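Fair warning: this is a prediction, and the values are worked out from it, not measured in the lab. Order of listing sets the numbers, starting from 1, for every ligand and every atom in it.
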Amino acid sequence: MKKFQKWRKILIGTEVFSFLLIVIFLFFSKFWGALGLFAFQVVYTLLFLSFWQAIKHKGIQMDVEISRVLGKDAKYALNFGDVGIITYNNEYVCTWCSDYFKEHDIDLLNKKLTSWIENMRSLFEDEADSIIGVSNNQVYEIEKRPDSQILYVRNITEITNLKKELSLRETVVGILTLDNYSEYQSYENEEMLNEINANLRGALISWTKQYGMFLRKLRGDRFLVILNKTILDDIRKNNFSILQTIKDKADRMDVSITLSMVFAYGTQNFLELDTMLNDLLEIVDSRGGDQAAIKKYGSPAEFIGGSSEKTSARSKVRVRIMAESIEDLMKDSGKVFVLGHVNTDYDCMGSALAISAWAKSLHHEPYIVLKDVPRDHQLQETMDHYNKALVERHNIVTEEEALRLFNPQKDLLIMTDHGNPSISSGRELLALQGRKVVVIDHHRRSEDFVDSPVIAYVESSASSVAELVSELLSASSSTIPIYEAEATLMYLGLLVDTNRFKSHTSERTFQAAATLASWGANTADAEKELLEDYDSFAQKNEIISQAKVFMHKFLIAVTDQPVSRTLLAQTSEALLKIKGCQAAFTIGVNEVNKASAISARSDGSYNVQKIMEKLGGGGHFAAAAYETEDLNVYQLEDRLKQALKEEEEKES
Ligand SMILES: Nc1ncnc2c1ncn2[C@@H]1O[C@@H]2COP(=O)(O)O[C@H]3[C@@H](O)[C@H](n4cnc5c(N)ncnc54)O[C@@H]3COP(=O)(O)O[C@H]2[C@H]1O
Ligand SMILES: [Mn+2]
């Protein structure tokens, strides 16, 4: 319309000019001339206005046909492909459109295009080259030609519906497992087993029937199910209520059996699905069972449930078998290299020392790859205290030194207190071809787990690796040189990881503590090692005073000052002492790498691991953490709050 504005100026110009002429005629008393001119002016104005009105109403429809612009063949091609073309002006008003729109009863000419499909805006604002929009239940794909004001439109309703339908019919395979069932099978009497089968297996079978799944028993405790995406969505909507049903029924019978389910989909390659299911089963098992894991091919796995901390299911038999297997592997290998995690803590160092002593007892040269790796400063102080004994009995080396000594064909790597190569002190060692790895860990296993370990002893039911290792060493028949220094460091690992026997403890934890005491742990002085200096005490209280209540049951404290990860952990632990606080989160800048870090703790009734995993971190049910260089502390606080809210909505 813009270029027609000049016509308005011409009209006004001529009107003024003829008005002046009329005045001049009147001045010279030429009445007839004035009257004639006036009549002409009226007719002229009326004509102009009606022309203007017509343009406004009908638009500047220049009678352009595609066939004239592009030739007849192109017009047929466009008709055949059912493609429409639109041109528009700077105000995003349609200035011309092809016959396609008339044929489909879409009236666009001279209308704002966004009034037809709202999200076309992103095309105009150059945010996207093509969009998918919906109008009148029809789905259109609209593409913009670069550097011009032309749009191509295609109706993709049918394809979209087919795709949706296809994805709903997509095959999903799953495996359902009753955790711990096999233990009962070996120890319980026939009568009890019958009751378990009738109650738990019965409930499971009728649940799968209710949803119309295909079900086949693989073992006494394991079932294969085949379903489709629609059914999976239904189960999800129901929040996998069967998990709770099984748990409740088991509670009533006083057996600790829970349900684990894994589902895989997203590929037609059944071998691929098989691998996905096996991986998921392992992950779910090492996360403690009682949960569902779903994985779409190519996307990260999603975990649902797991709202109970699994009670210890690690049988004495399993401990003995593990101890024997690890020992055999050490015997068959050359040197043994023990790897820990960065930000080394008591548990990691204590268990590394114990494994080093174990290897030594089998006459193998052990190396602990934890030299020059950032470590907790209290740990450093304790190690300084025991320096003489430690230097005498252990080789602590840098990764560089280890790389020179390491022979991938013969030597053995043992990862302790971690299973994720990216936080390992031996990242480059782990990347070498043909290396043999053993993992001993108590963290719930995440997806970033080291590739093809020979043995993975991952027990999330254990309080600490110190607990696991003290059991392993007790089961070994060799005489292991562990004295006060090693035992005290392990005992401190146990103390810190259980927040001084307050969380994540089981009967086995206290047994481990007793074992460590019998090996010479200085339990009386251990507490003293954990005393804080005044500065960190003051800093901690300063952060605590900033803490705010969130959603009535969380406490969140934020500081933009550089602090140690340990201080963040200690602050969250301190916040838990406040009444009504189910989970505490402390956010600060990690003094080592300047990343924004969160340390999360719960009183055991809330799963903080789930929240940290949602952000990209990990940990355990009651103690978890996350670190990122992409957000500042306040942005991280917002992300955390959002995650807490989302989780709450999901739960309700
Ligand atoms: N970037 C990340 N991504 C994914 N997961 C992450 C992560 N950073 C930490 N985690 C996980 O979160 C758990 C808690 O870490 P956080 O730093 O709060 O707490 C750590 C550590 O800061 C704290 N700590 C170390 N020395 C301490 C001391 N002297 N006094 C008190 N607490 C201490 O004890 C906890 C030992 O944690 P543990 O290794 O068993 O378990 C860790 C680890 O599993
Ligand atoms: Mn640790």
Side-chain angles (χ1 to χ4, degrees), residues 287 339-352 370 373-383 415-425 440-449 458-460 462-469 489-490 492-500 502-504 526-533 536-537 540 563-576 583-588 590-593 595-602 607-629 636:
R287 287 167 65 94
L339 314 179
H341 62 76
V342 290
N343 285 322
T344 314
D345 47 29
Y346 281 113
D347 191 32
C348 181
M349 184 60 83
S351 56
L370 277 172
V373 175
R375 64 172 67 135
D376 171 54
H377 70 266
Q378 285 181 329
L379 166 65
Q380 184 60 55
E381 281 165 23
T382 314
M383 287 182 74
M415 297 169 79
T416 183
D417 199 30
H418 70 302
N420 177 352
S422 71
I423 58 165
S424 183
S425 65
I440 306 176
D441 193 12
H442 71 123
H443 294 99
R444 284 178 173 229
R445 184 168 167 167
S446 69
E447 275 206 286
D448 309 313
F449 196 72
V458 181
E459 285 291 347
S460 63
S463 70
S464 53
V465 186
E467 180 181 319
L468 289 175
V469 170
L489 279 158
M490 287 172 84
L492 278 161
L494 219 154
L495 271 190
V496 167
D497 277 20
T498 57
N499 193 8
R500 293 182 188 129
K502 281 202 278 289
S503 70
H504 215 105
E527 282 281 344
K528 278 193 209 137
E529 296 294 325
L530 296 179
L531 291 180
E532 305 163 42
D533 55 46
S536 63
F537 174 78
K540 191 172 87 184
V563 289
S564 70
R565 287 284 300 263
T566 308
L567 193 92
L568 291 178
Q570 290 169 336
T571 309
S572 288
E573 270 157 23
L575 287 171
L576 273 187
F585 303 86
T586 311
I587 304 179
N590 181 347
E591 62 187 3
V592 178
N593 57 3
S596 302
I598 305 189
S599 198
R601 292 291 183 274
S602 95
N607 188 346
V608 286
Q609 177 200 17
K610 230 185 196 168
I611 300 293
M612 292 300 106
E613 275 185 347
K614 216 168 163 165
L615 302 180
H620 324 261
F621 193 93
Y626 171 57
E627 211 176 89
T628 175
E629 290 177 9
L636 186 55

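Ring planes of His620 and His442: tilted class, angle from 30 to 60°.
Screening the protein for N, O or S atoms under 2.8 Å from the Mn ion (ligand 2) yields 3; no waters enter the count.
Salt bridge present: Glu527 and Arg500 bring a charged side-chain N and a carboxylate O closer than 4.0 Å.
Donor-acceptor pairing under 3.5 Å is recorded for the side chains of Thr566 and Asp376. Between Ser599 and Ser572, the side chains place no donor N or O within less than 3.5 Å of an acceptor N or O (distance only, hydrogens not considered). Side chains of Glu627 and Asn593: a donor on one and an acceptor on the other come within 3.5 Å. The closest side-chain donor-acceptor pair between Asp441 and His443 falls under 3.5 angstrom.
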Worksheet entry | side chain to side chain contact (heavy atoms under 4.5 Å, CB included) between Glu529 and Tyr346, intermediate numbers included | CA-CA 11 Å; Glu529 296 294 325; Tyr346 281 113; 4.1 Å; yes
Present, as a list of atom pairs with distances to 0.1 Å, all nitrogen or oxygen contacts under 3.5 Å between ligand 1 and the protein.
residue	atom	partner	partner atom	Å
ligand 1	5 (N)	Gly618	N	3.1
ligand 1	5 (N)	Gly618	O	3.4
ligand 1	8 (N)	Arg565	NH2	2.8
ligand 1	12 (O)	Gly618	O	3.4
ligand 1	12 (O)	Ala625	N	3.1
ligand 1	17 (O)	Arg565	NH2	3.0
ligand 1	18 (O)	Ser599	OG	2.3
ligand 1	18 (O)	Arg601	NH1	2.9
ligand 1	18 (O)	Arg601	NH2	3.2
ligand 1	19 (O)	Arg601	NH2	2.9
ligand 1	26 (N)	Asp376	OD2	3.4
ligand 1	29 (N)	Asp376	OD2	3.1
ligand 1	29 (N)	Gln378	OE1	2.6
ligand 1	30 (N)	Gln570	NE2	3.2
ligand 1	39 (O)	His443	NE2	3.1
ligand 1	40 (O)	His443	NE2	3.2
ligand 1	40 (O)	Asp497	OD2	3.3
ligand 1	40 (O)	His620	NE2	3.1
ligand 1	41 (O)	His443	NE2	3.2
ligand 1	41 (O)	His620	NE2	3.3
ligand 1	44 (O)	His443	NE2	3.0

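The backbone N or O of Leu531 lies less than 3.5 Å from a partner atom in the side chain of Gln378, making a donor-acceptor pair.
The two atoms that bring Ala624 and Gly618 nearest to each other are CB-O, 3.1 Å, heavy atoms only.
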